[in-house]
Colleague: 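There's a structure below that I have some questions on.
As the structure lists them, so they are numbered: ligands from 1, and atoms in each ligand from 1.
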Amino acid sequence: MPAVDDEEANLRVGPPADHAAGLEAVRLSLANAVSKMGVKKTARNLSVLNQHDGVDCMSCAWPDPAGRRHTAEFCENGAKAVSWEGQRDTVGPLFFAEHSIADLAGRTDHWLEKQGRLIHPMIRRDGGTHYEPISWAEAFEVIGSHLNELDSPDEAAFYTSGRASNEAAFLYQLLARAYGTNNLPDCSNMCHESTGTALMRTIGIGKGSVTLDDLHQADLIVVSGQNPGTNHPRMLTALEIAKRDGAKILAINPLPEAGLIRFDNPQRPRGLAGRGTPLADRLLRIRSNGDLALWQAIGHLLLRRGVADKEFIDTSTVGFDEWSAHVAEIDRAQVLAATGLTWDEIEAAADMLAGAERIVHCWAMGITQHRNAVATIKEFVNVALLQGMIGKPGAGLCPVRGHSNVQGDRSMGIWEKPSTLFLDRLRDEFGFEPPRAHGHDAVDTVRAFRDGTAKVFIALGGNFVGAMSDTEVTAASMRNAALTVQVSTKLNRSHVEAGRTALILPTLGRTEQDLTGGRVQRITVEDSMSAVHASRGRSEPVGPLLRSEIDIVCGIAAAALGDRYDIPWGGFAADYEEIRERIGRVVPGCDDYAAKIRGGGFTMPHPPRDSRTFPTIEGKAVFTVSPLEVMTVPEGRLVLQTLRSHDQFNTTIYGLDDRYRGITSGRRVVFISAADLAELGFTDGDLVDLVSEWSDGVERRAERFRLVEYDTPKGCVAAYYPETNPLVPLDSQAEESGTPTSKWVQVRLERPTRAADGPAPL
Ligand SMILES: Nc1nc2c(c(=O)[nH]1)N[C@H]1C(S)=C(S)[C@@H](COP(=O)(O)OP(=O)(O)OC[C@H]3O[C@@H](n4cnc5c(=O)[nH]c(N)nc54)[C@H](O)[C@@H]3O)O[C@H]1N2
Ligand SMILES: Nc1nc2c(c(=O)[nH]1)N[C@H]1C(S)=C(S)[C@@H](COP(=O)(O)OP(=O)(O)OC[C@H]3O[C@@H](n4cnc5c(=O)[nH]c(N)nc54)[C@H](O)[C@@H]3O)O[C@H]1N2
Ligand SMILES: [Mo]
C-alpha cells in the first residue's frame, strides 16, 4: 500500500473548536518537545526562546514585547518549530545509500521531513540514482564551476526562504549581484508581495506602520484574511491586551476560525482554567475574494456619514476627490453578490469603523493571494487615509508577516527589483557595478527553468518545489536544471525533484550554537513591526559537519568569484560583526547597525509611522481608484482556497491533525458547505478528486480527498497546502505583484478516478 493512503487510513472528523490555546496547548507543546528533543534540550531551547539575548523564534514574524517578558514567551506552534529543528534523528550517508531518489520521490512531505536533520553534504551526480556524500570543498567547487560555465549570470537564480538571518541574506544578495544577476526570487513573492506592491505605491514604503504598542492602544482592530490562532498565536495575546482596555475586534473571514472567536491565554491563570476572552466582536463571514467590494462599500458608507479626517487628507494625501467620486457610485447588488453579506452586516461594520478613533488594520494570506490582492490592500489604505489612521498612536496598517525574518531579508536586499538607491550604495561600498535590470520573481524563475533559459538554481533554505504553485510544472522545471543546490536543515520535495546534478548542503538551525571562525556568533533578524535584534543559538549542533548559512554563502562566493572583487568573504565568515559593519553602510535605515545591535537592537525607520511623511513620487500618501470587479465561477464549480492546518509550518508537516477544525490523522480533506454538498449530489465522507480549471485547458487533478461538511460560505471550499498546490496554475497570479492565487482556484469535484489500491499520487 502506498505511503499517502497509509497516512490517511485513520482520518477522523469531529466538531471544530470554539476557542484557541489554553492548557491543552501547553500540554501538547511540551509533550511533543520532549519526545523530539529530550528533556534537557527542551529546557535549554524553550527557556531562551524570544528572551533578551536568546533565540528569536523561527515560527513566525510576530514581534516580542518591549519590556518585561513572560518566562514562556512562546506559543504552542513556536514550541513545535523548535522541537522540529531540535529533533535528534539524523539523515546521513547511510540513509541516502538505502533510499534511492526515486524511492524518496514516492514519499509524502510529512515522511520526508520526519526522517530527521540533514548532517552531511550530499550530491546526486549527473545520471545518478542516489545521493552520495561529498566534501564541502568539492561541493563548493562544483557550484563554482557550474556558475562560471554559464553564458550569462542571468542563467542562475538565487532563491531565499524567509528564515535566513540578515547577515546571511545580505551576503547572499551581495554574492548574486557581484556574480552579475538580480535573479533573487524569494518566498515573499508567494506571500506578502501584494502588500509590498500596494503599500509602496500608496504610502511610499512596503512595510506596516504599527508597533506592538499601537496594537495594544487601538480601540478597533480589523483582522482580515488571517488565522492568528494557528499562524500567529502570540498575536492573540496582543488582541487580548487591547480588548481588556476596551478595544473592539472586527474579523473578516470565510471561516469561523477558533482563534478569532475566543482566546484562552495559557500564560495567565484565568486562561488555564476557563474558556478565556471572547475576541471578535463581529465576524463577517465573507465569500472568498469579497474583500475589495466590502472595503469599497465601507468607504462609501463612511463618506456618506461624513467621516473624514479633513486636515490629514488636505495636508498629507493626494487623490481624495477621484477616490471619493468612485466609491460614491457603489453598486449595492454587486457588493452583496461579491461578499455574500447582507447590507445590514456591512453597515454594522462601517459603524464600528465610524465609531473608532484608533484603528489598526491587520491582514495576511486571505488577502494577498488573490488576483486582485493589490487592489484590495489599496482599498484598506484608502479607508485608513480617509480616517487619518496612519502615523498616529494606536492606529495604522499591520500586514502580519509569515516567516520569522522575511521582512529582514527584504531590507537586506533580497529582491528581484532592487531600488537604485540600494544598488548605488552597494556599488560605493564594494566597488563594483551591480546589475540594474530587474530579475526573476518566483513564478518567472519556474518559467525560466521550464524554458531552459536558466540552468543553475541555488536555494538558501525553503522548499521551492513544495511551496510554489503548479507542482508538476515546477518540479519538471527544476529537473530541467543543470544544477540545483539546497541549503537545508531537513529533507523535502525540492531535494527529490532536483536538477541533473543536485547538492544538499546541511546547515545549522537558529537554535544551534554557531561557533563559525572559533567564536560565539550572533545573527540578527527584523520582525513584522520592523524591530531588529540579535539571536543566539544555545544547543549543540546535531552534527559536526554542519555549517552556518553565512559560512556556506561565503564558501560558494569564494568558489564562484575567486578574488574578482575585493570582498573579504573569509573575513565575513570569521566574524559576523564585519558583515554588520557593511550592512550599516549599505542598507538604508541601518546606520551604525553593528553598534545598535550591540546596544540591544532598534526599530527601523518608517517615515509614515514616524512623521507622517510619505516617500511616494507625489511626496504624499495616495488615494487610489480600483475598478470593482466581482469574480465568479460557472455553475457547478467552486472556489478553492488553500490554507494551513494547525499542525504544519508551510510545507513542513509536523503532524496530521488540525485540532481547531476537528480533523485528526489526515490532511486530504476538503471543507465544504452543506448547501454545496446537497446541490452537487455528494455527502459528508465521500471521496472526491479536485480538478482545477484554467484558461489553458490543462487538467490539474489532486486525487482522493474526503469531503468534510463545514461552516464555510456556499461556493467556497478549503483544503490544505501543499497537497493542493498541483491545482494552482502557474499563470494564475495576482495583478502587479505576481503572487500565485493560492486563495482562489476554480475547481470541480469528481468521483475518484483511481481505485484505493492504485498507484498513489504525491
Ligand atoms: N504554525 C504556523 N505558523 C505560521 C505558518 C505556518 O504554516 N504554521 N506560516 C507562516 C507564513 S509563511 C505565513 S505567510 C503566515 C500565514 O498566516 P495566514 O494568512 O493566517 O495563513 P493561512 O492558513 O493561509 O490562512 C488564511 C486565512 O485567510 C482566510 N481567507 C481565505 N480567503 C479569504 C478571502 O478571500 N477573504 C478573507 N477575508 N479571508 C480569506 C482563510 O479562511 C484563513 O483563515 O503564517 C506564518 N506562521
Ligand atoms: N497553495 C499555497 N501555496 C503556498 C502558500 C499558500 O498559502 N497556499 N503560502 C506561500 C507562502 S506564504 C510561503 S512563505 C511559501 C513558503 O515557502 P518556503 O519558505 O520555500 O517553504 P518552507 O515550507 O517554509 O520551507 C521548509 C524547508 O526549509 C528548510 N529550513 C528550515 N529551517 C531552515 C534554516 O534555518 N535554514 C535553512 N537553510 N533551511 C531551513 C527545511 O529544509 C524545510 O524543509 O509557500 C507559499 N506557497
Ligand atoms: Mo508566507
Colleague: Short list, please: which atoms of ligand 1 are under 4.0 Å from a heavy atom of H232?
Modeller: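 The list of qualifying atoms is 15 (C), 17 (O), 45 (O), 46 (C).
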Colleague: Under 3.5 Å between any N/O of M190 and any N/O of ligand 2: does that happen in this structure?
Modeller: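 Such a contact does not occur with ligand 2.
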Colleague: Of all the atoms in ligand 2, which lie at a distance below 4.0 Å from a heavy atom belonging to E549?
Modeller: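 Those qualifying, in numeric order: 34 (C), 36 (N), 37 (C), 38 (N).
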Colleague: Walk me through whether V91 and I119 qualify under side chain to side chain contact (heavy atoms under 4.5 Å, CB included).
Modeller: CA-CA 6 Å; V91 174; I119 49 165; 5.9 Å; no
Colleague: As an exercise, identify every atom of ligand 1 less than 4.0 angstrom from a heavy atom of C191.
Modeller: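 Those qualifying, in numeric order: 14 (S).
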Colleague: What's the verdict on salt bridge (charged side-chain N to carboxylate O under 4.0 Å, His left out) for E526 and R401, showing C-alpha distance, side-chain angles and the deciding distance?
Modeller: CA-CA 11 Å; E526 175 183 346; R401 305 272 162 186; over 6 Å; no
Colleague: Can a non-hydrogen atom of L643 be found less than 4.0 Å from any atom of ligand 2?
Modeller: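 It does not, in that no heavy atom of L643 comes within the 4.0 Å cut-off of ligand 2.
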Colleague: For ligand 1, which atoms have a heavy atom of N289 less than 4.0 angstrom away?
Modeller: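 Result: 34 (C), 35 (O).
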Colleague: Under 4.0 Å from ligand 2, counting heavy atoms only, is it the side chain of M58, its backbone, both or neither?
Modeller: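 Neither part.
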Colleague: Which of the atoms of ligand 1 are close to C60, meaning less than 4.0 Å from one of its heavy atoms?
Modeller: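 The atoms of ligand 1 under 4.0 Å from a heavy atom of C60 are 47 (N).
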Colleague: Under 4.0 Å from any heavy atom of G461, which atoms of ligand 2 are there?
Modeller: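 Once the distances to G461 are compared, the set is 37 (C), 38 (N), 39 (N).
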Colleague: Would T642 count as being in polar contact with ligand 1, using the rule that some N or O on each side must be under 3.5 angstrom apart?
Modeller: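 Between T642 and ligand 1 (N or O atoms, distance only) the closest approach is not under 3.5 Å.
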Colleague: Among all protein heavy atoms, pick out the one at the shortest distance from atom 35 (O) of ligand 2; state its residue, atom name and that distance to 0.1 Å.
Modeller: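 The closest heavy atom on the protein side is R163 CD, 3.7 Å.
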Colleague: Quick test: of every protein heavy atom, which one is nearest to atom 20 (O) of ligand 1, and how far off is it to 0.1 Å?
Modeller: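 Ranked first by proximity to atom 20 (O) of ligand 1 is N227 N, 2.8 Å.
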Colleague: Please report whether ligand 1 has a polar contact with S224, defined as an N or O pair separated by less than 3.5 Å (distance criterion only).
Modeller: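 No: no nitrogen or oxygen of S224 is under 3.5 Å from one in ligand 1.
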Colleague: With heavy-atom distances below 4.0 Å as the criterion, list the atoms of ligand 2 near M365.
Modeller: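 That gives atoms 12 (S) of ligand 2.
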Colleague: Output the list of atoms in ligand 1 that are nearer than 4.0 Å to some heavy atom of S288, sorted by atom number.
Modeller: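 Counting from 1, the qualifying ligand atoms are 35 (O).
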Colleague: Can you list the atoms of ligand 1 that are under 4.0 Å from a heavy atom of A364?
Modeller: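 It comes down to these atoms of ligand 1: 19 (O).
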Colleague: With a heavy-atom distance limit of 4.0 Å, tell me whether T507 approaches ligand 2 through its side chain, its backbone, both, or neither.
Modeller: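 Just the side chain.
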Colleague: Quick one: nearest non-hydrogen protein atom to atom 26 (C) of ligand 1, plus distance?
Modeller: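 Sorting protein heavy atoms by distance from atom 26 (C) of ligand 1 puts K743 CE, 3.6 Å first.
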Colleague: Out of all atoms in ligand 1, which are within 4.0 Å of some heavy atom of Q641? Include the element for each.
Modeller: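 The atoms of ligand 1 under 4.0 Å from a heavy atom of Q641 are 30 (N), 31 (C), 32 (N), 41 (C), 42 (O).
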Colleague: Just to confirm my output: which protein heavy-atom neighbour is closest to atom 21 (O) of ligand 1, and how far is it?
Modeller: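 The answer is N231 ND2, 3.0 Å.
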Colleague: Looking only at protein heavy atoms, identify the closest one to atom 34 (C) of ligand 1 and say how far it is in Å.
Modeller: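 Minimum-distance protein heavy atom for atom 34 (C) of ligand 1 reads G366 O, 3.2 Å.
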Colleague: Please identify which atoms of ligand 2 are closer than 4.0 Å to at least one heavy atom of S488.
Modeller: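 This gives 39 (N), 42 (O) as the contact atoms.
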Colleague: For atom 44 (O) of ligand 2, what's the nearest protein heavy atom and its distance?
Modeller: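 Among all protein heavy atoms, the one nearest atom 44 (O) of ligand 2 is E113 OE2, 2.5 Å.
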Colleague: Does K490 make a cation-pi contact with W84, if we ask for NZ or CZ under 6.0 Å from the ring centre and within 45° of the axis?
Modeller: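 That pair qualifies as a cation-pi contact.
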Colleague: Quickly, which of R536, R510, R522 forms a salt bridge (charged side-chain N to carboxylate O under 4.0 Å, His left out) with D56? Name it, please.
Modeller: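 Exactly one pass, corresponding to R510.
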Colleague: Would you indicate whether Q513, at its atom CD, is surrounded by more than 12 heavy atoms from other residues, nucleotides or ligands within a distance under 6.0 Å?
Modeller: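 Yes, CD of Q513 has more than 12 neighbouring heavy atoms, counting only those of other groups under 6.0 Å.
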Colleague: What atoms of ligand 2 come closer than 4.0 angstrom to any heavy atom of N492?
Modeller: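 Listed by number with element, the hits are 27 (C), 42 (O), 43 (C), 44 (O).
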Colleague: Among protein heavy atoms, which lies nearest atom 23 (O) of ligand 1, and at what distance?
Modeller: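 Scanning the protein heavy atoms, the shortest distance from atom 23 (O) of ligand 1 goes to R644 N, 3.0 Å.
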Colleague: Going by the order shown, which atoms of ligand 2 are within less than 4.0 Å of some heavy atom of N463?
Modeller: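 Near N463, meaning under 4.0 Å from one of its heavy atoms, ligand 2 has 18 (P), 20 (O), 21 (O), 25 (O).
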Colleague: Hey, which atoms in ligand 2 end up nearer than 4.0 Å to a heavy atom of S161?
Modeller: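 This gives 18 (P), 19 (O) as the contact atoms.
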Colleague: Which ligand 1 atoms, with their elements, are less than 4.0 angstrom from a heavy-atom of H403?
Modeller: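 The atoms of ligand 1 under 4.0 Å from a heavy atom of H403 are 12 (S).
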Colleague: Which residue owns the protein heavy atom closest to atom 46 (C) of ligand 1, what's the atom, and how far is it?
Modeller: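 Heavy-atom neighbour on the protein nearest atom 46 (C) of ligand 1: G402 CA, 3.6 Å.
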Colleague: For atom 38 (N) of ligand 1, which protein heavy atom lies nearest, and how many Å away is it?
Modeller: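 Of the protein heavy atoms, D291 OD2, 2.8 Å lies nearest.
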Colleague: Identify the protein heavy atom lying closest to atom 42 (O) of ligand 1, giving its residue, its atom name and the separation to 0.1 Å.
Modeller: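 For atom 42 (O) of ligand 1, the nearest protein heavy atom comes out as N253 OD1, 2.7 Å.
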Colleague: Would you mind finding which of A467, S528, G225 brings a heavy atom closest to atom 27 (C) of ligand 1?
Modeller: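 Selected option, by shortest heavy-atom distance: G225.
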Colleague: How far apart are the C-alpha atoms of T197 and T739, what are their side-chain angles, what is the distance that settles it, and do they pass the side chain to side chain contact (heavy atoms under 4.5 Å, CB included) test?
Modeller: CA-CA 11 Å; T197 307; T739 299; over 6 Å; no
Colleague: Identify the closest protein heavy atom to atom 16 (C) of ligand 2: which residue and atom is it, and at what distance?
Modeller: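 Checked against all protein heavy atoms, atom 16 (C) of ligand 2 sits closest to N650 ND2, 3.6 Å.
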Colleague: If we only count N/O pairs under 3.5 Å, is R287 in contact with ligand 1?
Modeller: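 No, R287 has no N/O under 3.5 Å of an N/O on ligand 1.
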Colleague: What protein heavy atom is closest to atom 25 (O) of ligand 2, reported as residue, atom name and distance in Å?
Modeller: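 Checking every protein heavy atom, the shortest distance to atom 25 (O) of ligand 2 gives G462 CA, 3.2 Å.
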Colleague: Evaluate the ring planes of H646 and Y660, with Trp represented by its six-membered ring, and classify them as parallel (under 30°), tilted (30 to 60°) or perpendicular (over 60°).
Modeller: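 Plane angle between 30° and 60°, so tilted.
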Colleague: Can you tell me if H370 has a non-hydrogen atom under 4.0 Å from ligand 1?
Modeller: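 For ligand 1, residue contact (heavy atoms, under 4.0 Å) with H370 is present.
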Colleague: If you measure from each non-hydrogen atom of M468 to ligand 2, which part falls under 4.0 Å: side chain, backbone, both or neither?
Modeller: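 Under 4.0 Å from ligand 2, M468 contributes no heavy atoms.
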Colleague: With a distance cut-off below 6.0 Å to the six-membered ring centre and an angular limit of 45° from the axis, does R644 pair with F649 as a cation-pi contact?
Modeller: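 Not satisfied by the 6.0 Å and 45° rule.
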Colleague: State whether the shortest distance between N or O atoms of R401 and N or O atoms of ligand 1 falls below 3.5 angstrom.
Modeller: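 R401 vs ligand 1: no N/O contact under 3.5 Å.
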Colleague: Using a 4.0 Å cut-off to any heavy atom of Q369, which atoms of ligand 2 qualify?
Modeller: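 Going through ligand 2 atom by atom, the ones under 4.0 Å from Q369 are 5 (C), 6 (C), 7 (O), 9 (N), 10 (C), 12 (S).
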Colleague: Do R510 and ligand 2 have an N or O pair less than 3.5 Å apart?
Modeller: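 No, since none of the N or O atoms of R510 sits under 3.5 Å from an N or O of ligand 2.
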